[in-house]
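For the numbers below, each heavy atom of this structure counts, side chains included, while hydrogens, waters and symmetry mates do not. Just so it is clear: chains get the letters A, B, ... in the order the sequence lines come, proteins before strands, and each one is counted from 1.
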Amino acid sequence: MATMSRLRAVLIDLSGTIHIEDAAIPGAVAALQRLRERTTNIKFVTNTTKESMTTLRNRLSRIGFDIKQNEIFSSLTAARNKVQEMGCRPMLLLQDSAKEDFKDICTDDPNCVVVGLSPDSFNYRTLNQAFRLILDGHPLIAIHKAKYFKRQDGLALGPGAFVEGLEYATGVRATVVGKPERAFYQEALKTMSCVPEEAVMIGDDVEGDVQGAQTIGMKGFLVKTGKYRLGDEEKISPPPEAICEDFPAAVELLLKEYL
Amino acid sequence: MASGNWYDSAIEGVLLDITGVLYNSTDEGGVPIPGSIEAVKRLKASGVRVRFCTNETQCTRQQLVDKLQRLGFELSVPEVFAPAPAACQLLKARGLTPHLLVYPGVLPEFEAFDLGAKPTCVVVGDAADIFNYETMNNTFRKLLEMDPPVLISMGVGKYYRHGGELMLDVGPFTKALEYAVRCEAIVVGKPDRNFFLGALQDMGVQPQNAIMVGDDIVNDVGGAQKCGLKGLQVRTGKFRPSDEHHPEVRPDGFVENLAHAVDLLLQHRKK
């Protein structure tokens, strides 16, 4: 299409879009290489809160993706920035691997609660401790509020469910720092020297990825892998800019019509 | 509605919450709230009809009554309305097979159902230590397999007091599942209208002649008020000072404890 405006930046979701746990989406490694031949303005934006930046990059490199640490912008980074800005000592409902991103932040005598995807913390005892801190007036920070995610054995509960529960119990709204918050996408675009209209987001989460990005003026491509379920594309208005079978198909479309 | 005090109207029946009004639960069982044992006796002796409306779902009604009798309370199983029997009625009426996310103590209430069969609904109670990622995720998946998902929640309380500390009640876990599955739970127990009305019907008292005494401002007081009863808030159990200025619920009265409520009620009747 001749009138199509050219895009200058590509944001790509990780889990469910280019890989599921330790397996790459078929064709995704090669597709990323083809994309890099056309543009270097790429950022991987992720709500995967179980893993620190280092863990994340090591896993991606182990399954064949060539990704630099400064190309990753995660919701954990956003949460860490937020905690520092507020000057809080967080109780971290995070897996040990994710706590690494907070290792130089004091967590003694906590005065705020940070919730990520943390199966080990989602037990009655720990949730009660977090609940009491919040009820006493300390802030609740959610890495993100995803309802569920795709695991190799099927869909699994995301941290959003537990955040919602804590919000209900305390009457306090969480400050959400990850996708699909506007602030998250604005922060991610900061170093990409382009306006939102010149950027695209590719992801498997119709609300978190596609709608979140489209809300600030970016284009959103939905891929039918990962957590995608039939009919997801009809859940948002306006609809996704494009709906693609998988990441390689999304890259084909970008190369053909948008870049 | 005439202005004035709640005890100025003709009260023929009283619904009493149990935990936080009669006694405080602890790991060792429980401790009666001072004056409550006598208050129940005085209320019954006065001829005012009494029923007990609890959202307790960690044990059967029989176990609860046994425990309260040991503590010194005068009450019997038929006087107690609890969510588990209400849930069972609903399951039977709709021909549903439950997946249970409940505390083991309440399981005997569900013995009429084939728990090995493929579930057609989920029933959630105050499962306490049973709530963890595995059990919640398993329940989430069961709901996803249903079309549409049917979630039944035995109460939706936010928290309660246990052994001096506030503990999460079933509500936050129900809300977690509702959010993840995008469904709305059917609530049995307080504040479900049918629950209050069932207890009133059992004692043959009209809503305008009845009062609910509870420590949960939303589910006890607010729930009863929505059914046309008066709602009385005690300053025991899970009560917090912020409840005095609750954004949604304005009780018909505040009392220090159940004994105080019964004093006011009986003084007025004697006039």
Could you check B/Leu144 against A/Tyr148 for side chain to side chain contact (heavy atoms under 4.5 Å, CB included), going step by step and ending with a plain yes or no?
CA-CA 11 Å; B/Leu144 284 187; A/Tyr148 50 80; 5.6 Å; no
Salt bridge (charged side-chain N to carboxylate O under 4.0 Å, His left out) between B/Arg182 and A/Glu207, intermediate numbers included
CA-CA 13 Å; B/Arg182 294 187 182 89; A/Glu207 288 165 350; 3.1 Å; yes
Step-by-step side chain to side chain contact (heavy atoms under 4.5 Å, CB included) determination, A/Leu127 to B/Phe173
CA-CA 11 Å; A/Leu127 287 170; B/Phe173 298 93; 3.9 Å; yes
Between A/Arg125 and B/Met167, is a side chain to side chain contact (heavy atoms under 4.5 Å, CB included) present by the stated rule, with each step listed?
CA-CA 9 Å; A/Arg125 199 179 64 89; B/Met167 314 285 276; over 6 Å; no
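Formation of a donor-acceptor pair under 3.5 Å by the A/Tyr168 side chain with backbone atoms of B/Val156 is found in this model. With hydrogens and angles disregarded, a donor-acceptor distance shorter than 3.5 Å links the side chain of B/Tyr179 to the backbone of A/Lys145. The closest donor-acceptor contact from the side chain of B/Tyr133 to the backbone of A/Leu157 lies under 3.5 Å.
Heavy atoms of other residues, nucleotides or ligands lying less than 6.0 angstrom from NZ of A/Lys235 number more than 12. The local environment of CZ in B/Phe239 is crowded, with over 12 non-hydrogen atoms from other residues, nucleotides or ligands closer than 6.0 Å. A 6.0 Å sphere centred on CD of B/Glu184 holds no more than 12 heavy atoms belonging to other residues, nucleotides or ligands. In this structure, A/Arg89 places its CZ atom where more than 12 heavy-atom neighbours from other residues, nucleotides or ligands lie under 6.0 Å away. Atom CD of A/Gln152 has more than 12 heavy atoms from other residues, nucleotides or ligands within 6.0 Å. A 6.0 Å sphere centred on CZ of B/Arg94 holds no more than 12 heavy atoms belonging to other residues, nucleotides or ligands.
Within the 4.5 Å cutoff, side-chain heavy atoms of B/Asn137 are placed close to those of A/Arg151.
Looking at every heavy atom in both residues, B/Leu168 comes nearest to A/Tyr124 through O-OH, 2.6 Å. Looking at every heavy atom in both residues, B/Ala176 comes nearest to A/Ala161 through CB-O, 3.0 Å. When all heavy atoms of A/Ala156 and B/Arg141 are compared, the closest pair comes out as CB-NH2, 4.1 Å.
Expressed to the nearest 0.5 Å, how far CD of A/Glu167 lies from NZ of B/Lys158 amounts to 11.5 Å. To the nearest 0.5 Å, the span separating OG1 on A/Thr170 from OH on B/Tyr159 amounts to 9.5 Å.
Heavy-atom pairs under 4.5 Å with chain A peak, among B/Pro247, B/Ser242, B/Gly171, at B/Gly171. Put simply, of A/Asn123, A/Thr126, A/Asn128, the one with the most heavy-atom pairs under 4.5 Å next to chain B is A/Asn128. Ranked by heavy-atom pairs shorter than 4.5 Å toward chain B, the options A/Leu166, A/Val163, A/Leu135 are led by A/Leu135.
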